[in-house]
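Working notes, structure below.
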Amino acid sequence: MYDKNNIFAKILRKEIPCNKIYENEASLFFYDINPQAKIHVLGIPKIECSDFYDFVRLADKKTLSSFFESVSLVIKKLNIEKNGYRIISNSGSHGGQEVPHFHIHILAGEKIGSLR
Ligand code: 5GP
């Protein structure tokens, strides 16, 4: 069950501000408030979905492709396509997800440490 009061839902409704990088009809990209790397960007689709599984299940093909094309566009905008980056999406308690609206983290700008 989607929680309409999660922080990213509030950001989408403009009840809470964000430092926006890119927005279109399907998605929004903004800087993480507590960056874990020199560049730490979050990307969220605008439809109500709790995690990756939910997003793929609920979104139509146009929305799915639009979101992932936007990820690519933001990578270009951040100028990180050559040096690299890490994309992460946490889900549920085992995945360590804090905000229950599907999002990806784009970490870049320096060497990102090993996963463990
Ligand atoms: P999760 O653990 O759910 O994958 O990541 C949630 C992320 O959202 C965290 O990295 C956290 O710093 C970020 N975050 C939480 N609240 C806010 C907020 O109000 N604004 C922004 N820009 N990021 C937030």
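For ligands, and for the atoms within them, numbers begin at 1 and follow the listed sequence.
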Inset, instruction - Determine the interplanar angle of the F67 and F29 rings, folded into 0 to 90°, and report it as parallel if under 30°, tilted if 30 to 60°, perpendicular if over 60°. - result: parallel
Inset, instruction - Could you tell me whether V99 and ligand 1 have an N or O pair separated by under 3.5 Å? - result: yes
Inset, instruction - Give the residue and atom name of whichever protein heavy atom lies nearest to atom 1 (P) of ligand 1, and the separation in Å to one decimal. - result: H103 NE2, 3.1 Å
Legend entry - Identity and separation of the nearest protein heavy atom to atom 13 (C) of ligand 1: D32 OD2, 3.3 Å
Inset, instruction - Could you list the atoms of ligand 1 found under 4.0 angstrom from a heavy atom of G96? - result: 2 (O)
Legend entry - Side chain proximity check, I104 to V71, heavy atoms < 4.5 angstrom: yes
Legend entry - Minimum-distance protein heavy atom relative to atom 23 (N) of ligand 1: I33 N, 3.3 Å
Inset, instruction - Please could you name the atoms of ligand 1 that N34 approaches to less than 4.0 Å, counting only its heavy atoms? - result: 12 (O)
Inset, instruction - Number the atoms of ligand 1 from 1 as they appear, then name those within less than 4.0 Å of a heavy atom of N90, with their elements. - result: 1 (P), 2 (O), 4 (O)
Inset, instruction - Can you establish whether the number of heavy atoms outside Y22 located under 6.0 Å from its atom OH is more than 12? - result: yes
Legend entry - Protein contact of atom 8 (O) of ligand 1 - nearest heavy atom, named by residue and atom, plus distance: F8 CZ, 3.4 Å
Inset, instruction - Evaluate the criterion salt bridge (Lys or Arg N to Asp or Glu O under 4.0 Å) for residue pair K4 and E48; output intermediate values, then yes/no. - result: CA-CA 8 Å; K4 287 178 185 290; E48 294 183 351; 2.7 Å; yes
Inset, instruction - Taking atom CG of N83 as the centre, report whether more than 12 heavy atoms of other residues, nucleotides or ligands fall under 6.0 Å from it. - result: no
Legend entry - Nearest neighbour of atom 3 (O) of ligand 1 from the list H105, K20, E98, on a heavy-atom basis: E98
Inset, instruction - Determine whether the aromatic ring centres of Y2 and F102 lie less than 6.0 Å apart. - result: no
Inset, instruction - Tell me which part of Y31 gets within contact of ligand 1: side chain, backbone, both or neither, using heavy atoms under 4.0 Å. - result: backbone
Legend entry - Proximity of N19 to ligand 1 by residue part, where a heavy atom lies under 4.0 Å: neither
Inset, instruction - Check whether the side chains of N24 and S70 place a donor and an acceptor atom closer than 3.5 Å, and report yes or no. - result: yes
Inset, instruction - State plainly whether one hydrophobic cluster holds both I33 and I106, where clusters connect Ile, Leu, Val, Met, Phe, Trp and Tyr through side-chain heavy atoms under 4.5 angstrom apart. - result: no
Inset, instruction - Identify, for atom 18 (C) of ligand 1, the protein heavy atom at the shortest distance, and state residue, atom and that distance. - result: I7 CG2, 3.8 Å
